[in-house]
Enquirer: 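Before we start, here is the structure in question, set down as structure tokens.
Predicted model, so just to flag it, every value in this text is computed and none were measured. Both backbone and side-chain heavy atoms feed into the values below; hydrogens, waters and symmetry mates do not. Just so we're on the same page: letters track the sequence lines, and every chain starts at 1.
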Number of protein chains: 2
Amino acid sequence: MPDRSGRGDRRAVPTSARATIYDIAAEAGVSSATVSRTFGAPAKVRPDTRRRVLDVAARLGYRANPLARALPSGRTSTLALVVPAITNPHFFDIITGAEQRAVEAGFTLVLANTGQSDLSEAAAIERLEPMVDGVMLASSRLDDDRIARFADRTNLALCNRQAGRIPSVTTDQVNGIEQVVGHLHSLGHRRIGLLGGPETSWAGRLRRRAVVAAGGRLGVTVQLLGPFNPIVAGGQSAADAAIGAGVTAVLAHNDLLAIGVLRRLADRGVHVPGEMSVVGFDDIFGADFCVPALTTVAAPSHELGRTAVDLVLASVAGQPVPASTVLPAHLTVRESTGPAPDSRTAPGQSRWRTQSAQTLPPGSR
Amino acid sequence: MPDRSGRGDRRAVPTSARATIYDIAAEAGVSSATVSRTFGAPAKVRPDTRRRVLDVAARLGYRANPLARALPSGRTSTLALVVPAITNPHFFDIITGAEQRAVEAGFTLVLANTGQSDLSEAAAIERLEPMVDGVMLASSRLDDDRIARFADRTNLALCNRQAGRIPSVTTDQVNGIEQVVGHLHSLGHRRIGLLGGPETSWAGRLRRRAVVAAGGRLGVTVQLLGPFNPIVAGGQSAADAAIGAGVTAVLAHNDLLAIGVLRRLADRGVHVPGEMSVVGFDDIFGADFCVPALTTVAAPSHELGRTAVDLVLASVAGQPVPASTVLPAHLTVRESTGPAPDSRTAPGQSRWRTQSAQTLPPGSR
DNA sequence: TTGAAAGCGCTAACAC
DNA sequence: GTGTTAGCGCTTTCAA
């Protein structure tokens, strides 16, 4: 004798057992299969019986149990988003975009924060993978092989990362870099620094190559500095390194780091952009109201999140998935970049103190 | 004839069917129940058989199917966090805290963003509730009755909100307000404005009462302004209203609004804190590097998230849950508050221009 | 169009 | 300790 009410005493509260398709079937005088079809494939049910079932269901306050539904079908209508650092506003926007798109498509978003470690990232995927229909990996720190292996057994999409032929959505880092270096070059900078982030950052590696290439083309010397922790606190050593390197402009791994650099520079009495220009990446919340407002390569973060979801959704639906979507980046010039000190290439604009950063003894202010 | 491999062609990829407890049972020469016990209640299995099962499981790469596990047991090891505005950094911190605690406890966090509307909030709960063991509601816009009804059928905890006897974690708004009003009073302010947020905000209502009370006690006149949209953009009209009201200091509903007020005030040429002091709530990312740096009532956001999870975890475990946890708020004084214009109560500190805000014609700069 | 029945992978009595 | 046996609530052939 099936006990369909033995659930109430395990959970904290539920007293009234929830209605199942069997309850509805009994009430409506149909089989449970018909009830199931009414919700899963309404077209296969004659309109009037469908009506009847729906009425009873409404009266009983029926709501399908997603777990029970997922077990035989294998589809959970849930997607997982794995991010390395939920504290970075850039990921906030990605999350928001992903969440919106997921909900639109009738999916639920599960979030996993992995804290920059590839171990916990793998663990998170491992844990989530069996309970979701697909997973989006943002700025994954995993190596290509590992990613490929995950892609082998689940619907995967990459965000801010490319790996083999796995569906991905990224911003056009190369073009973004070209815009920045061009911008800086036109302001008279001939010696710039790249403040690197984690070595495992795919975008970081890509940018490094792009900066060197663009610099070579334009006659701009590029100093590779770092790696630095890509958070505000990391700006301290990054700024010090920049000063030590004698560059007139720096490209920070991301806006968080750039903001940290701005603060350290202010503490050390180095004027931005008078003595040093600073550029970030992402255009996060706060980039427009820090002081000076940050010039940055804006990433379409929201769109990144949405697109990543679209990618795995297509894969879930068995549709062909474009291997790689590249979204445009665009340079947002604000107040943290200006003519290079002593610049003669931007005549009439060198209104800044001309004491150049190079000449500052390391610890001076 | 059970088909234990008919799963591969429905999903996009999985070629090798995943091992089940039956596969292990067969290999290890035990029953499926023993395998189940090995993982669910290892103490009930003799050490050597346990070993054998574990070995086979490892060899087969067995990982339990959480869905199948959840169906009979009714426990999904998943928690849902419902937030009104994921774009508010305050909630990021809450999310981070909640996520960490959840993972520590072996739970997965599902996130739902409801966009300030009580309709979508209810819908989100409705949707998530059947697939999670409990839900945390942050800054819920729902009325007490509705919340009580949800609490009736699921393990619920409130964050930034109190309602009846439902477990909740909040910050001590009243004390926070007292600190702010005291701070402002000691700086010579005698006429302050409260820039209200959504009418449905529980914290907002609480603060309103507290401000009026504290003001009355200290002889500070309080102007209730608003409601305003609690985002940066809302700061525009809020700032204008503050200027129009002739107050010398304002308490913004949250930091987002306060930052917007700061910007608008700067645009209109009103000096902060010289002509107007501004206080926010939450102490979000950016509050320390906006200009002037924001004086704010810091909420232990991270802790809020953690505690909310603890609350529902206790409830899930059937343990007694404290009805209401109140975390201390503390005033973080930065640069956006200073002596009131024309103040004589803070002698020697009124070094600011004394043109008071009141005298500014509405549209002037 | 509808129903019967066999699972989905796992848990949890209940026996042995 | 371990095995047997019912389910959990739903989907999905296969017949009728």
Enquirer: If I take atom CG in residue B:L71 and atom P in nucleotide C:dG9, what distance separates them, rounded to the nearest angstrom?
Expert: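 B:L71 atom CG is separated from C:dG9 atom P by 12 Å.
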Enquirer: Which ring pair (Phe, Tyr, Trp, His ring centres under 6.0 Å) pairs, counting each pair once, include a residue from residues 49-72 of chain B, with sequence neighbours left out?
Expert: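 Passing the test, one end in residues 49-72 of chain B: B:F39-B:Y62.
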Enquirer: Does anything in residues 32-63 of chain A come within less than 4.0 Å of DNA chain C? Heavy atoms only, and list the residues if so.
Expert: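 Of all residues in residues 32-63 of chain A, the ones placing a heavy atom under 4.0 Å from DNA chain C are A:A33, A:T34, A:R37, A:K44, A:V45, A:R46, A:T49.
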Enquirer: Does B:T20 have a side-chain nitrogen or oxygen under 4.0 Å from the phosphate oxygens OP1 or OP2 of C:dG9?
Expert: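 So the side chain of B:T20 is outside the cut-off, no N or O lying under 4.0 Å from OP1 or OP2 of C:dG9.
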Enquirer: For residues 137-161 of chain A, which residue pairs qualify under ring pair (Phe, Tyr, Trp, His ring centres under 6.0 Å), counting only residues two or more places apart or in two chains?
Expert: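 Sorted result for residues 137-161 of chain A: empty, none.
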Enquirer: Roughly how many Å is it from CD1 in A:I24 to P in C:dG3, rounded to a whole number?
Expert: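 A:I24 atom CD1 is separated from C:dG3 atom P by 14 Å.
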Enquirer: Can I get a per-line list of side-chain donor-acceptor pairs under 3.5 Å for residues 142-149 of chain B, giving both atom names and the distance, sequence neighbours left out?
Expert:
| residue | atom | partner | partner atom | Å |
| --- | --- | --- | --- | --- |
| B:D143 | OD1 | B:D145 | N | 3.2 |
| B:D143 | OD1 | B:R146 | N | 2.9 |
| B:D144 | OD1 | B:R161 | NH2 | 2.6 |

Enquirer: Axis-to-axis angle across the helix from C:dT1-D:dA16 to C:dC16-D:dG1, five pairs an end, to 10 degrees?
Expert: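 Inter-axis angle at the termini of the helix from C:dT1-D:dA16 to C:dC16-D:dG1: 30°.
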Enquirer: D:dG9 C1' sits how many Å from A:R75 CZ, rounded?
Expert: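 After rounding, the reported distance stands at 18 Å.
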Enquirer: Strictly below 4.0 Å, N to O, side chains only: are B:D55 and B:R51 in salt-bridge contact?
Expert: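 Between B:R51 and B:D55 there is a salt bridge, with a charged N closer than 4.0 Å to a carboxylate O.
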Enquirer: Partners of B:E303 by side chain to side chain contact (heavy atoms under 4.5 Å, CB included), sequence neighbours excluded?
Expert: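 Partners of B:E303 by the side chain to side chain contact (heavy atoms under 4.5 Å, CB included) criterion, ordered by chain and then number, come out as B:P300, B:R306, B:T307, B:L327.
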Enquirer: Are the side chains of B:S139 and B:V83 in touch, meaning some heavy atoms are under 4.5 Å apart?
Expert: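 With C-beta onward as the side chain, the pair stays apart.
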Enquirer: Tell me the interatomic distance from A:L67, atom CG, to D:dG7, atom C1', rounded to whole angstroms.
Expert: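 Whole-Å distance recorded here is 15 Å.
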Enquirer: Kindly check if the number of other-residue, nucleotide or ligand heavy atoms within 6.0 Å of CZ (A:R165) is above 12?
Expert: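 No.
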Enquirer: Please report the interatomic distance OG(A:S36) to CD1(A:I24), rounded to the nearest 0.5 Å.
Expert: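 Separation between the atoms: 10.5 Å.
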Enquirer: Which listed nucleotide (D:dC10, D:dG3, C:dT11) is nearest to the side chain of A:I21?
Expert: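 Minimum distance to the A:I21 side chain belongs to D:dC10.
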Enquirer: Separation of A:Y22 atom OH from D:dG7 atom C1', in whole Å?
Expert: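 Checked: the OH to C1' distance equals 10 Å.
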Enquirer: In the structure I gave you, are the side-chain heavy atoms of A:T170 and A:N160 within less than 4.5 Å of one another anywhere?
Expert: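 The answer is no, as the side chains (C-beta and beyond) never meet within the 4.5 Å cut-off.
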Enquirer: Side-chain N or O of B:R69 versus OP1/OP2 of C:dG9: is the shortest distance under 4.0 Å?
Expert: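 Result: no.
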Enquirer: Remember a base hit wins even if backbone is also touched, and classify A:A64 as base, sugar-phosphate or nothing at under 4.0 Å, heavy atoms.
Expert: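 Sugar-phosphate contact only - A:A64 comes under 4.0 Å of backbone atoms but never of a base.
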